[in-house]
Q: 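Quick one: the structure is below, questions incoming.
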Amino acid sequence: MAGDAPIEQNEGRGQWTSSLGFILAATGSAIGLGNLWKFPFITWENRGGAFVLVYLLCIVAVGLPIMMAEILIGRKTQKSAVGAMKEAFGKRWGIVGGWGVLAGFVILSYYSVIAGWSLFYFTKALGWSMSGFPQGAQLGDDFTSFAAQGGLQIGLSGLFMAATMGVVLSGVKGGIERTARILLPVLFVILILLLVSALSMSGSGQALSFIFRPNFSELGMDGLLEALGHAFFTLSLGMGAMITYGSYVAKDQSIVKASGVIVVLDTVIALVATIIMFSVIFSVPGMEEQVGGSTVGMLFISLPELFYSTVPFGRVLAPAFYILVAFAALTSTISLLEVVAAYAIDEHGIGRKKATLMTGGAIFLVTVLCALSFGGSSGLSAFEIFEGKAGVFGTLDHLASNWLLPIGGFLITLATGWFMTREDSEAELALGGVPAWYSYGAWRFFIRFVAPVAVGAILVAVIFFGVDFS
Ligand code: TRP
């Protein structure tokens, strides 16, 4: 195959250096604030065990098949979201790719605000570690006033966006893959250290049984559906991110093996992060009630104090933890921007540098609105379209998790299951060899029936019963 036209064209677009390079980049996309910030919180809200089990089922029955489908579409066509959907399924399907580009735009615009918080708390933790944690600190109040400082919020998210743009404009190999190759190992090491420390704490036993002992009487319908929605978000599915990353995969690499590794790593990291946070929380009497409030609370209000009061080696681990969150977020924001930039590059013939600056700049304009929606601007903070989701930030998060990703994912499954021939999908998935657990027949059954029905159920629930997944 080497030397024929498509491969050359491909090299112009960029390609991962190896299967490992792709796996690291895609795992970097998957592991992010969804794992460290969202998953522990929704597990907490849904009282653990049964929710975790259902989530794991969703990952295997819906997430893994759709992961394979997205990478398949990208690798087969060697095009990014819009071009790939057009080429694989016909011109009209281009709109599904466009929907994904829109989702990438929306998610990145608010995601970078929280990513900015992790940078700020990293510097704060560094300060605490060096000069001591202040006695009687009111972290809740501190956080509220921090979030309301518009200028600071814009600066932090701007810094994060600039870093993201810097990586994306350096290209697939030299930017995205290289960053993932450096940051992911660091991330794994920090998590292992944190895990060891957390497991030595008195609350770890209670944490483990909270997470792994199912009690189905505690799981409602909405919890079930929330698990499904989160499976999309955490695996970066439903908006063509994996189509775009898949388009840089060489033809001699195995989509099935890579998908398996990405999905397992993402799941393990989410569970490890949850074990760490819950071990800390359960080790402190009274903390359980205090945490209840919000996601933000767990990561930026409860944890900082606990690092300095209870966690073994907390002074070293606190800054490490926040830089870990920032690194995890960066490898995810890169993939979000890449979807939008690659669309501009592939479909409008704009050079990578210019495309990155233009799309990143446009997204940042919306980021500014999100950054001001935590009190920085009263109008932007109070603004409400979806009931109970105040502010530009709340609105966009709701829009993405409840509408953009599930709808995109639903259409991608339908397309792959019903509008691509058996010969085409079977051949593409077989390239590069398949692992022992793989069965084409099983995949096809899941992608045609199980996944669309499950995702359809989320949509029906949202539309007719008003269930909320964000
Ligand atoms: N998966 C990332 C997380 O868990 C977020 C993310 C990155 C994402 N790229 C995406 C979500 C594409 C949906 C689609 O934090």
Side-chain angles (χ1 to χ4, degrees), residues 24-43 55 58-59 62-63 66-67 69-71 74 80-81 96-97 99-115 117-118 160-161 164 167-168 176 179-180 183-184 187 227-246 262-263 265-274 295 299 324-343 363 396-412 455 469-470:
L24 287 174
T27 305
S29 167
I31 297 174
L33 297 172
N35 305 60
L36 305 173
W37 175 63
K38 233 171 173 175
F39 182 69
F41 182 67
I42 57 179
T43 299
Y55 166 78
C58 293
I59 290 285
V62 179
I66 297 186
M67 172 73 70
E70 285 204 20
I71 301 174
S80 58
V96 176
W99 183 267
V101 172
L102 178 72
F105 196 108
V106 169
I107 297 176
L108 181 52
S109 68
Y110 69 82
Y111 200 94
S112 54
V113 176
I114 309 212
W117 293 352
S118 62
F160 210 88
M161 194 64 111
T164 306
V167 174
V168 171
I176 303 175
T179 308
L183 296 190
L184 277 199
L187 189 145
L228 193 55
H230 186 67
F232 272 98
F233 188 86
T234 190
L235 293 175
S236 303
L237 298 176
M239 55 152 275
M242 291 299 163
I243 296 180
T244 306
Y245 272 24
I262 298 162
V263 168
L265 284 176
D266 182 77
T267 307
V268 169
I269 299 294
L271 291 173
V272 167
T274 312
T295 346
L299 216 53
L324 157 91
V325 179
F327 284 174
L330 182 62
T331 50
S332 296
T333 53
I334 290 169
S335 78
L336 290 161
L337 182 57
E338 177 64 16
V339 172
V340 187
Y343 160 70
I363 293 168
L396 293 184
D397 184 29
H398 181 92
L399 180 72
S401 322
N402 284 22
W403 297 102
L404 300 179
L405 295 183
I407 291 174
F410 183 70
L411 294 171
I412 290 170
V455 181
F469 303 101
S470 57

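Counting starts at 1 for both ligands and their atoms, in listed order.
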Q: Short list, please: which atoms of ligand 1 are under 4.0 Å from a heavy atom of S335?
A: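 So the atoms of ligand 1 that pass are 7 (C), 9 (N).
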Q: From I269 CD1 over to L36 CG, what is the distance, rounded to the nearest 0.5 angstrom?
A: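 Here the interatomic distance stands at 8.5 Å.
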Q: Counting only heavy atoms, tell me which of E338, M239, H230 gets closest to atom 14 (C) of ligand 1.
A: M239
Q: Mark up the atoms of ligand 1 that fall under 4.0 Å of a heavy atom belonging to L33, in ascending order.
A: 15 (O)
Q: N/O of I107 under 3.5 Å from N/O of ligand 1, yes or no?
A: no
Q: How far is atom 6 (C) of ligand 1 from its nearest protein heavy atom, and which residue and atom name does that atom have?
A: S236 OG, 3.5 Å
Q: List the atom of Y110, the atom of A400, and the distance in Å for their closest heavy-atom pair.
A: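 Residues Y110 and A400, closest heavy atoms: OH-CB, 3.9 Å.
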Q: Which of parallel (below 30°), tilted (30 to 60°) and perpendicular (above 60°) describes F39 and H230?
A: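 Rings of F39 and H230: parallel, as their planes differ by under 30°.
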Q: Heavy atoms only: give me the nearest S236-A241 pair and the separation to one decimal.
A: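 Minimum heavy-atom separation between S236 and A241: O-CB, 3.8 Å.
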Q: Does a side-chain heavy-atom distance below 4.5 Å link K38 with L33?
A: no
Q: Looking only at non-hydrogen atoms, find the nearest pair between I262 and A26 and report the distance.
A: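 For I262 and A26, the tightest heavy-atom pair comes out as CD1-CB, 3.4 Å.
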Q: Determine, considering heavy atoms only, which of Y111, F39, W37, F233 sits nearest to atom 15 (O) of ligand 1.
A: Y111
Q: Which heavy atom of A81 sits nearest a heavy atom of T244, and at what distance?
A: N-OG1, 3.6 Å
Q: Find all atoms of ligand 1 within a distance of less than 4.0 Å from any non-hydrogen atom belonging to G34, and give their numbers and elements.
A: 3 (C), 4 (O), 15 (O)
Q: Select the closest option to atom 3 (C) of ligand 1 among A329, A30, G408, judged by heavy-atom distance.
A: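 Nearest option to atom 3 (C) of ligand 1, by heavy atoms: A30.
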Q: Looking only at N/O atoms, are I31 and ligand 1 under 3.5 Å apart anywhere?
A: no
